[in-house]
**Q** 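If you scroll down you'll find the structure; I have some questions about it.
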Amino acid sequence: MSEERSLNFIEEIIEADLAAGKNDGRVLTRFPPEPNGYLHIGHAKSICLNFGLAQRYGGKTNLRFDDTNPVKEDVEYVDSIKEDVKWLGFDWAEELYASDYFDKLYDLAVELIKQNLAYVDDSTAEEIAVQKGTPTEPGIANEFRSRSVEENLVLFADMKAGKYPDGAKVLRAKVDLAAPNMQLRDPLMYRIKHAHHHRTGDAWCIYPMYDFAHGQSDAIEEITHSICTVEFIPHRPLYEWFIERLQLFPSKQYEFARLNLNYTVMSKRKLLQLVEDGHVDGWDDPRMPTISGLRRRGYTPASIREFCERIGVAKRENMIDVGLLEFCIREDLNKTAWRRMAVLDPVKLVITNYEEGKTELFHGENNPEAEGGDGSRAFNFGREIWIEREDFMEVPAKKYFRLSIGGMVRLKNAYIVKGESVVKAADGNITEIHCTYIPESQSGNDTSGINVKGTIHWVSVEHGKTAEVRLYDRLFQVEDPSSEDGDFKDYINPNSLQVLPAAYIEADLANAKIGTPVQFMRKGYFTLDKTSTADKLVFNRTVTLKDGWVKK
RNA sequence: UGCCUGAUAGUAUAAUGGUAGUACGACGGUUUUUGGUACCGUUUGUCUAGGUUCGAAUCCUGGUCGGGCAACCA
């Protein structure tokens, strides 16, 4: 690794730890998703960070599901998370579940009770909330806080045995009801939920809370660097409190700022709403910032990893411009995607001096960025072709250098043509453009001496195929929907999806494969949608090409 | 109004007491059979007021502003 990139603050910590000989030079991180939703680009940041750190420092990363709340979790999510992490290009050392530790966690809770550092509380959720006080007023102890160790032991065992209904009792840590840090005001450790768990089935009716599961799981696995987002900073003293009292492996928690992307939302709760309310096609709708959505949209793992590398890691609030994500996918696809021609908004061009019924076979490079063009493919030319409606202006604007009446343009890999006249429908809409071609101007054998400024793409009317093309725009109309007044869904972009039922594509595109990106020349990068069939091809636009042409 | 955090170009992110740099964006140019790519150039920044120091983005003090914390969520 000869890169000169400066270290982020977590890398600095790890290098200092390594230099100091901590953990015998071992680096073990973990990616700890709760299986209650699909992973999104924000998780990708965490995944790249955790797995990337381990790779960089010769360590390992566990995939651990934080499955302590059975009513919200599901195997569907477990499966999707595993698929997404793998797709992003990472291998975990071990696949683990917080639920693997339910027995150990229970024993640790008993241990804490024996130390008189935990107690069973019969109060209702509302009572506990009131007794916790407010940030400016200390909490107050209730009568349950002084229960004897013996009584707590019996009560907790009875909780486990299913003697009480949901919500009847909880186990709380006895920390400090007057702590200025609210997280320390006797936080809940266990609650009763008679619910079926996706892994442990009906074996348990009490489940540990995050604070009594996450840190302990880290310690059990001997995670060296437990990296989470900044909202867990106030939990860190509690994390350490449990580790100290229970004399567990001293995992250390470090916090970084989560990713925010503009023009979208980044919370599983909000994304779930979009799915459930039918604003999108599902978790993998190409407009979603989910990993599966980006995949379906045509993003590559490499582009997402590059994005995560470029955004950096720090603690301050941030709002990343989605333009950076787009830059990353363009940068990747430019080097790899084969070029093809497709006309999305067609208008017929008739070449009046081209022999009727004649066809010529022309060739075009697959990718001009690659050595030797990465091979080439052939396509037919004929008297009638489709061109993009926006590539013609009856009366050209200044500095417009595509086709116009009297103006000349090159048809990519074919001839130079000159606009002659237009045929219009009653409503004034152009239905046909008539032009003439310069026979000596054929690509590769151009002896015409004519130099044209513009080159446009085209598809033969006779030989081209049709396909449905879906164009996507940002899902929201405002940069930060969550910070606007009212419901975030009020700011959904009504034009985020535009379906073109019948675009014309060059014949070779019938061989397109799902997962293989293609550039529609001058229009952007596209990929076959999963709903595509041999009879009906469906392409998703991944991203447009950068457009330097600005109309005045 | 308690505690915890953070503040560097438009957006991110470096500089770890010693020339404020990089990327994306924007703008301009060269090349181009993609108005793409590539290449070159320009532009804009240390929240504020004091203090320490030969020297402060960096250390100290006060203020301002942003984010988080009072779920039987994670």
Side-chain angles (χ1 to χ4, degrees), chain A residues 4-9 12 32-34 36 66-69 71-73 121 123-125 128-130 132-139 166-172 179-185 188-193 206-207 209-211 213-214 228-237 255 257 262 268-269 310-328 330-331 334-335 339 341 364-365 367-369 399-402 409-414 416 441 443-444 446 451-457 519-524 544-550:
Chain A
E4 293 296 318
R5 184 175 69 86
S6 54
L7 303 178
N8 64 47
F9 78 100
E12 285 182 352
E34 182 189 11
N36 67 343
D66 245 334
D67 56 348
T68 57
N69 188 358
V71 301
K72 288 188 177 174
E73 297 154 7
D121 192 328
S123 309
T124 64
I128 289 177
V130 170
K132 275 193 183 180
T134 69
T136 51
E137 303 162 290
D166 287 7
K169 287 178 165 48
V170 293
L171 183 71
R172 288 228 257 169
N181 179 349
M182 297 296 293
Q183 303 301 330
L184 263 20
R185 319 255 262 228
L188 273 61
M189 293 167 58
Y190 270 91
R191 75 286 220 197
I192 300 170
K193 276 181 193 285
I206 57 172
Y207 292 93
M209 299 286 291
Y210 168 87
D211 284 307
H214 194 100
C228 61
T229 46
V230 291
E231 63 266 32
F232 291 100
I233 290 176
H235 295 248
R236 195 187 333 129
E255 311 86 6
N262 59 9
K268 280 193 272 189
R269 202 192 97 251
R310 282 174 179 265
I311 58 177
V313 178
K315 297 182 87 145
R316 70 185 82 106
E317 277 283 302
N318 60 80
M319 176 68 81
I320 307 285
D321 193 328
V322 68
L324 184 61
L325 219 208
E326 296 179 342
F327 167 83
C328 291
R330 287 192 188 106
E331 182 188 45
N334 175 52
K335 289 179 291 194
R339 273 57 169 175
M341 292 194 282
E365 290 179 313
N367 186 349
E369 299 301 312
K399 294 188 80 177
Y400 181 83
F401 44 85
R402 280 111 88 169
V409 74
R410 166 158 316 267
L411 296 173
K412 180 71 183 175
N413 294 125
I416 292 174
S441 67
S443 281
D446 190 344
N451 241 334
V452 291
K453 203 87 193 280
T455 300
I456 63 174
H457 58 280
Q519 182 192 109
F520 289 178
M521 296 198 80
R522 306 205 306 133
K523 300 273 51 167
T544 61
L545 253 30
K546 204 172 141 192
D547 190 1
W549 163 250
V550 277

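So you know, we letter chains A, B, ... as the sequences are listed, proteins then strands, and number each from 1. Keep in mind that the numbers below use all heavy atoms, side chains included, and drop hydrogens, waters and symmetry copies.
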**Q** Hey, is the main chain of E73(A) close enough, under 3.5 Å, to the side chain of N36(A) for a donor-acceptor pair?
**A**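 A pair under 3.5 Å: no.
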**Q** When you measure from the side chain of N181(A) to the backbone N and O of P234(A), does any donor-acceptor pair fall under 3.5 Å?
**A**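 Judged by distance alone, yes, a pair lies under 3.5 Å.
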**Q** CD of E231(A) versus P of rC69(B): gap in Å, rounded?
**A**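 Distance check: E231(A) CD to rC69(B) P gives 8 Å.
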**Q** Would you mind reading off the distance between D547(A) atom CG and rU34(B) atom P, rounded to a whole angstrom?
**A**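 The answer, rounded to whole Å, is 14 Å.
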**Q** Could you check which nucleotide pairs with rA49(B) in any of the strands shown, counting Watson-Crick or G-U wobble with both distances under 3.5 Å?
**A**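 Matched rA49(B) with rU61(B) under the 3.5 Å cut-off.
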**Q** Would one find a side-chain N or O of K193(A) under 4.0 angstrom from OP1 or OP2 of rC73(B)?
**A**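 So the side chain of K193(A) is within the cut-off, an N or O lying under 4.0 Å from OP1 or OP2 of rC73(B).
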**Q** Might you list the N or O atoms of the protein lying below 3.5 Å from N or O atoms in nucleotides 40-42 of chain B, with each pair's distance?
**A**
none

**Q** Can you tell me which nucleotide in rU34(B), rC73(B), rG2(B) comes closest to the side chain of K72(A)?
**A**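 The answer is rC73(B), which lies nearest to the side chain.
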**Q** What's the closest nucleotide to the side chain of K412(A) if the choices are rG25(B), rU33(B), rA74(B)?
**A**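 From the listed options, rU33(B) comes nearest.
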**Q** Which heavy-atom pair separates R310(A) from C328(A) by the least distance, and what is that distance?
**A**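 Residues R310(A) and C328(A), closest heavy atoms: CD-SG, 3.7 Å.
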**Q** Can you tell me if the side-chain N/O atoms of R410(A) get under 4.0 Å from OP1 or OP2 in rU32(B)?
**A**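 No, because none of the side-chain N or O atoms of R410(A) sits under 4.0 Å from OP1 or OP2 of rU32(B).
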**Q** According to the Watson-Crick and G-U wobble definitions, with both distances under 3.5 Å, which nucleotide is paired to rG35(B)?
**A**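 Partner of rG35(B): none found under 3.5 Å.
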**Q** What interatomic distance, in whole Å, is found between P of rG28(B) and the corresponding atom of rU33(B)?
**A**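 rU33(B) and rG28(B) have their P atoms separated by 22 Å.
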**Q** I'd like a table of atom pairs between the protein and nucleotides 17-20 of chain B - only N or O on both sides, under 3.5 Å - with the distance next to each one.
**A**
none

**Q** Considering every strand and a 4.0 Å limit on heavy-atom distances, what is the contact class for T229(A): base, sugar-phosphate, or nothing?
**A**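 T229(A): no heavy atom of the nucleic acid under 4.0 Å.
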**Q** So what does Y190(A) touch, heavy atoms closer than 4.0 Å: a base, only the sugar-phosphate, or nothing?
**A**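 If one applies the 4.0 Å heavy-atom cut-off, Y190(A) turns out to touch nothing in the nucleic acid.
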**Q** More 5' along RNA chain B: D66(A) or F327(A), using each one's nearest nucleotide?
**A**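 Mapping each residue to its closest nucleotide by heavy atoms, the 5'-most match is F327(A).
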**Q** Before accepting this row, confirm whether a basic side-chain N of the pair K72(A)/E34(A) lies closer than 4.0 Å to the acidic partner's carboxylate O.
**A**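 Result for this pair is no, no salt bridge flagged.
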**Q** Which of the following nucleotides, rG35(B), rU5(B), rG25(B), is nearest to the side chain of W549(A)?
**A**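 Given the options rG35(B), rU5(B), rG25(B), the side chain of W549(A) is closest to rG35(B).
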**Q** Report the distance from atom CZ of R185(A) to atom P of rA70(B), rounded to the nearest whole Å.
**A**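 After rounding, the reported distance stands at 11 Å.
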**Q** Identify whether any heavy atom of N413(A) sits under 4.0 Å from a base atom; if not, whether one sits that close to sugar-phosphate; answer base, sugar-phosphate or nothing.
**A**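 N413(A): base contact, heavy atoms under 4.0 Å.
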**Q** Taking the same atom, C1', in rG10(B) and in rG45(B), what whole-Å distance lies between them?
**A**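 11 Å, rounded to whole Å.
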**Q** Of the candidate nucleotides rG25(B), rA70(B), rA74(B), which contains the atom at the shortest distance from the side chain of T68(A)?
**A**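 Nearest listed nucleotide: rA74(B).
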**Q** Quote, to the nearest angstrom, the P distance that separates rG67(B) from rU8(B).
**A**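 Each nucleotide's P atom is 14 Å from the other's.
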**Q** Looking for any heavy atom pair under 4.0 Å, which part of the strands does R269(A) touch: base, sugar-phosphate only, or nothing?
**A**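 Answer is nothing: R269(A) stays at 4.0 Å or more from every strand.
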**Q** Pick base, sugar-phosphate or nothing for V313(A), based on heavy-atom distances below 4.0 Å to the nucleic acid.
**A**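 Sugar-phosphate contact only - V313(A) comes under 4.0 Å of backbone atoms but never of a base.
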**Q** Can you check whether M521(A)'s main-chain N or O pairs, donor with acceptor, with R339(A)'s side chain at less than 3.5 Å?
**A**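 Not at all, since once roles are kept as given, no pair shorter than 3.5 Å links the two residues.
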**Q** With rounding to the closest Å, how many angstrom separate the P atoms on rC73(B) and rC3(B)?
**A**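 Result for the P pair: 29 Å, nearest Å.
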**Q** Does any donor-acceptor pair link the side chain of R402(A) with the base of rG35(B) at a separation under 3.5 Å?
**A**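 Yes, a donor-acceptor pair under 3.5 Å.
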**Q** Just how far, in rounded Å, is C1' of rU32(B) from NE2 of H457(A)?
**A**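 Rounding to the nearest Å, NE2 of H457(A) and C1' of rU32(B) are 18 Å apart.
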**Q** At under 4.0 Å between heavy atoms, what does T124(A) touch on the DNA or RNA strands: base, sugar-phosphate, or nothing?
**A**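 Base contact.
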**Q** Of all the choices, rU33(B), rA74(B), rA71(B), which nucleotide is nearest to the side chain of Y210(A) once you look at every atom?
**A**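 Nearest to the side chain of Y210(A) among the choices is rA74(B).
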**Q** I'd like a list of close polar pairs between nucleotides 8-12 of chain B and the protein, N/O only, cut-off under 3.5 Å.
**A**
from: rU11(B); atom 1: O3'; to: M319(A); atom 2: O; distance (Å): 3.0
from: rU11(B); atom 1: O2'; to: M319(A); atom 2: O; distance (Å): 2.9
from: rA12(B); atom 1: OP1; to: M319(A); atom 2: N; distance (Å): 2.5
from: rA12(B); atom 1: OP1; to: M319(A); atom 2: O; distance (Å): 3.4
from: rA12(B); atom 1: O5'; to: M319(A); atom 2: O; distance (Å): 3.4
from: rA12(B); atom 1: O2'; to: I311(A); atom 2: O; distance (Å): 2.8

**Q** With a 4.0 Å cut-off on heavy atoms, is H235(A) in touch with a base, just the backbone sugar-phosphate, or nothing at all?
**A**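 Base, at least one base heavy atom under 4.0 Å.
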**Q** Atom CD of E369(A) to atom P of rU33(B): distance rounded to whole Å?
**A**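 About 14 Å, once rounded to whole Å.
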**Q** Would you kindly give the CZ-to-C1' distance between R522(A) and rG36(B), to the nearest whole Å?
**A**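 Taking CZ of R522(A) and C1' of rG36(B), I get 10 Å after rounding.
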**Q** Is there, by distance only and without an angle test, a donor paired with an acceptor across the side chain of S443(A) and the base of rU33(B) below 3.5 Å?
**A**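 Between rU33(B) and S443(A), which were checked side chain against base, a qualifying N/O pair under 3.5 Å is present.
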**Q** Heavy atoms under 4.0 Å, any strand shown: does P138(A) hit a base, just sugar-phosphate, or nothing?
**A**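 The answer is nothing, as P138(A) stays clear of every strand by at least 4.0 Å.
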**Q** Heavy atoms only: give me the nearest F401(A)-V409(A) pair and the separation to one decimal.
**A**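 The pair with the smallest heavy-atom distance is O-CG2, 4.3 Å.
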**Q** Has the side chain of E255(A) got a donor or acceptor atom sitting under 3.5 Å from an opposite partner on the base of rU5(B)?
**A**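 Flag unset: no donor-acceptor pair detected.
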**Q** Could you check which nucleotide pairs with rG28(B) in any of the strands shown, counting Watson-Crick or G-U wobble with both distances under 3.5 Å?
**A**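 Per the H-bond distance test, rC40(B).
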**Q** Check whether the side chain of E326(A) and the base of rG25(B) form a donor-acceptor pair under 3.5 Å.
**A**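 Side chain to base: no pair below 3.5 Å.
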**Q** Take the protein atom CG of N69(A) and the nucleotide atom P of rA71(B), then report the distance between them rounded to whole Å.
**A**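 Value for this atom pair: 16 Å.
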**Q** With the side chain counted from C-beta on, respond yes when R522(A) and K412(A) share a heavy-atom pair under 4.5 Å apart, and no when they do not.
**A**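 Not in contact.
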**Q** What integer number of Å spans the C1' atoms of rA20(B) and rG55(B)?
**A**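 Result for the C1' pair: 15 Å, nearest Å.
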**Q** At 4.0 Å (heavy atoms only), tell me whether F232(A) reaches a base, stays on the sugar-phosphate, or touches nothing.
**A**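 Result for F232(A) = base.
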**Q** Taking CZ from R172(A) and P from rC72(B), how many angstroms apart are they, rounded to a whole number?
**A**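 My rounded result for the distance is 9 Å.
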**Q** For E137(A), answer base if it contacts any base atom (sugar-phosphate contacts may also be present), sugar-phosphate if it contacts only those atoms, and nothing otherwise; contact means non-hydrogen atoms under 4.0 Å.
**A**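 Nothing: the residue E137(A), judged by heavy atoms under 4.0 Å, touches no strand.
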**Q** Which listed nucleotide (rC72(B), rU5(B), rU34(B)) is nearest to the side chain of Q519(A)?
**A**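 That would be rU34(B).
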**Q** Checking all strands, does G444(A) fall into the base, sugar-phosphate, or nothing category for heavy-atom contacts under 4.0 angstrom?
**A**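 G444(A): base contact, heavy atoms under 4.0 Å.
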**Q** So what does G548(A) touch, heavy atoms closer than 4.0 Å: a base, only the sugar-phosphate, or nothing?
**A**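 Sugar-phosphate only.
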**Q** Going by purine N1 to pyrimidine N3 plus the second Watson-Crick contact, or the G-U wobble pair, all under 3.5 Å, which nucleotide sits opposite rU1(B)?
**A**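 Because no pair has both required distances under 3.5 Å, rU1(B) counts as unpaired.
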**Q** Of N451(A), D446(A), T455(A), which meets side chain to side chain donor-acceptor pair (under 3.5 Å) against R410(A)?
**A**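 Considering N451(A), D446(A), T455(A), a side chain to side chain donor-acceptor pair (under 3.5 Å) with R410(A) is found only for D446(A).
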**Q** Scan N334(A) against the nucleic acid and name what it touches under 4.0 Å (heavy atoms): base, sugar-phosphate only, or nothing.
**A**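 Contact class for N334(A): base.
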**Q** What does V230(A) touch in the nucleic acid at a heavy-atom separation under 4.0 angstrom: a base, only the sugar-phosphate, or nothing?
**A**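 It contacts nothing in the nucleic acid.
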**Q** Ignoring backbone atoms, establish whether R191(A) has a side-chain N or O less than 4.0 Å from OP1 or OP2 of rC73(B).
**A**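 It does, given that an N or O in the side chain of R191(A) lies less than 4.0 Å from OP1 or OP2 of rC73(B).
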**Q** Between R191(A) and G167(A) (side chain of the first, backbone of the second, donor and acceptor by atom type, cut-off under 3.5 Å), is there such a pair?
**A**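 Checked: no pair found.
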